[in-house]
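A short write-up of the structure that comes next.
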Amino acid sequence: MTSARRKAYGGEGAPYARPSATSTTTVRRARSAPYVFLLPATILFALFFALPIGYAVWLSLHKVQVKGLGLGSGARTEVWAGLENYTDSLTDSELLDGALRVLGYGAIVVPVMLGLALLFALMLDTDRVRLAPVTRLAIFLPYAIPGVVAAMLWGFLYLPDVSPFYFVLDKLGMPQPDLLDGGPLYVALSNIAVWGGTGFNMIVIYTSLRAIPAEVHEAAKLDGATPLQTALRIKIPMVVPSLVLTFFFSIIATLQVFSEPTTLKPLTNSVSTTWSPLMKVYQDAFGKGDIHSAAATAVIIALVTLALSFGFLRAANSRTKQEAAQ
């Protein structure tokens, strides 16, 4: 039995023929196509994220040195400061007080907002709910309102002279608490954040609930599980990743609170210019004109946010792996 004759090297249809220039060019284009599509996003990221972050770090490592009275050309020069700005920021009592206020604010906002979002999502996921699209839109709609507009709206509702709530309480002879002073101020600010953020978190959790296979619900009904038992033992455990995601977003938003206290500040003396860490950054940069100290504080806030986010996600991932192993 004779073997098949091999075609000449480079001949047409030869199994070991040398690739043509056209096919090589096609392969190169195919390999470079993903990088071409990523190029616009990479350029935008470098211009609007990487460069500003790098410039903020550079500013935080410098300071302005004033010679004499600081008048005339060359009297104010930018010199290397090292970690001096970071040391001053970390030992600043106003920053530490602002961080404590934000912790108290977050202790109210995060659990209440996520609890309401989970409750609304579970209610909308039931078969008995009526007008689900309208209800879902009504819950989500406050998220579409800008934070400054929402803060102004609630701010006027908090003012005793113009608020309809205070008018009703006065007619009923009930006490009229001052929500813009002392401890109630935390409740007033938290209410704005909860009102605006619950809808977004509800949509995330509700989407995860709708992704649960119908067979799971049918099996629960066949086992005689009530809607409450189904929600506690099946739905909530299956949407834990969505709860982790919403908790992660809520923590970041809490650490970066700025619009609500800044908008309410003209309405009350209880909100200082450094009520939150970001407000202190704004005050240092545009109030005092010390952009270098403001940059150092901003970098510290970013590092704290990154550390908390990374630590929480790592803990959540390790717990998920342990549960999967069991």
Side-chain angles (χ1 to χ4, degrees), residues 45-66 76-110 146-152 155 180 185-186 188-190 192-193 196-197 248-312:
F45 177 81
L47 290 177
F48 295 101
F49 286 93
L51 287 179
I53 291 174
Y55 183 57
V57 174
W58 185 86
L59 285 175
S60 66
L61 297 175
H62 292 76
K63 67 178 181 179
V64 175
Q65 187 177 44
V66 180
R76 301 172 64 90
T77 57
E78 198 171 47
V79 297
W80 176 261
L83 299 179
E84 181 180 345
N85 292 324
Y86 291 95
T87 304
D88 294 339
S89 296
L90 291 174
T91 56
D92 192 342
S93 60
E94 291 184 345
L95 179 62
L96 298 178
D97 294 339
L100 292 177
R101 283 190 287 265
V102 168
L103 288 178
Y105 165 82
I108 301 174
V109 171
V110 175
V148 175
V149 177
M152 291 182 62
L180 296 178
L185 177 64
Y186 288 87
L189 289 171
S190 301
I192 301 174
F248 174 70
F249 288 154
S250 301
I251 289 295
I252 294 178
T254 300
L255 294 175
Q256 298 178 355
V257 59
F258 177 80
S259 300
E260 293 84 354
T262 302
T263 306
L264 293 183
K265 183 183 177 302
L267 304 179
T268 175
N269 294 326
S270 299
V271 179
S272 63
T273 56
T274 58
W275 192 89
S276 70
L278 278 187
M279 291 180 67
K280 176 172 172 50
V281 173
Y282 182 87
Q283 178 65 17
D284 289 344
F286 302 103
K288 300 179 180 179
D290 190 358
I291 192 172
H292 302 281
S293 177
T297 306
V299 172
I300 292 174
I301 296 173
L303 291 177
V304 171
T305 305
L306 178 62
L308 291 177
S309 304
F310 178 77
F312 176 76

[X] atom [atom1], neighbour heavy-atom count above 12 within 6.0 Å:
{"X": "Tyr282", "atom1": "OH", "result": "no"}
{"X": "Ile291", "atom1": "CD1", "result": "no"}
{"X": "Phe312", "atom1": "CZ", "result": "yes"}

Hey, does the side chain of Thr91 reach the backbone of Asp88 with a donor-acceptor pair shorter than 3.5 angstrom?
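Yes: the side chain of Thr91 pairs with the backbone of Asp88.
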[atom1]-[atom2] distance between [X] and [Y], expressed to the nearest 0.5 angstrom:
{"X": "His292", "Y": "Lys63", "atom1": "NE2", "atom2": "NZ", "value": "10.5 Å"}
{"X": "Ser272", "Y": "Asp97", "atom1": "OG", "atom2": "CG", "value": "8.5 Å"}
{"X": "Glu84", "Y": "Leu61", "atom1": "CD", "atom2": "CG", "value": "11.5 Å"}
{"X": "Leu96", "Y": "Arg101", "atom1": "CG", "atom2": "CZ", "value": "10.5 Å"}
{"X": "Ser276", "Y": "Leu189", "atom1": "OG", "atom2": "CG", "value": "9.5 Å"}
{"X": "Leu180", "Y": "Lys265", "atom1": "CG", "atom2": "NZ", "value": "13.0 Å"}

Would you name the heavy atoms of [X] and [Y] that are closest together and state the gap between them?
{"X": "Gly104", "Y": "Tyr186", "result": "C-CD2, 4.3 Å"}
{"X": "Asn85", "Y": "Leu59", "result": "ND2-O, 4.1 Å"}
{"X": "Gly98", "Y": "Pro277", "result": "O-CD, 3.7 Å"}
{"X": "Asp284", "Y": "Ser293", "result": "OD2-OG, 4.1 Å"}
{"X": "Thr263", "Y": "Met152", "result": "CG2-CG, 3.4 Å"}
{"X": "Ala296", "Y": "Ser89", "result": "CB-OG, 4.1 Å"}

Tell me whether the rings of Phe45 and Phe49 are parallel (<30°), tilted (30 to 60°) or perpendicular (>60°).
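Aromatic pair Phe45/Phe49 classed parallel.
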Do the non-hydrogen side-chain atoms of Phe258 and Val281 ever get within less than 4.5 Å of each other?
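No - every pair of side-chain heavy atoms lies 4.5 Å or more apart.
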Does any part of the side chain of Val257, heavy atoms only, come nearer than 4.5 Å to the side chain of Val109, both counted from C-beta?
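The answer is no; the side chains never approach within 4.5 Å.
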Check against side-chain hydrogen bond (donor to acceptor under 3.5 Å, both in side chains), Tyr105 and Thr254
CA-CA 8 Å; Tyr105 165 82; Thr254 300; 5.9 Å; no
Full working for side chain to side chain contact (heavy atoms under 4.5 Å, CB included) between Asp92 and Thr297:
CA-CA 10 Å; Asp92 192 342; Thr297 306; over 6 Å; no
Checking side chain to side chain contact (heavy atoms under 4.5 Å, CB included) for the pair Leu264/Trp275: CA distance, chi angles, key distance, verdict?
CA-CA 11 Å; Leu264 293 183; Trp275 192 89; over 6 Å; no
Step-by-step side chain to side chain contact (heavy atoms under 4.5 Å, CB included) determination, Ile252 to Ser309
CA-CA 8 Å; Ile252 294 178; Ser309 304; 3.9 Å; yes
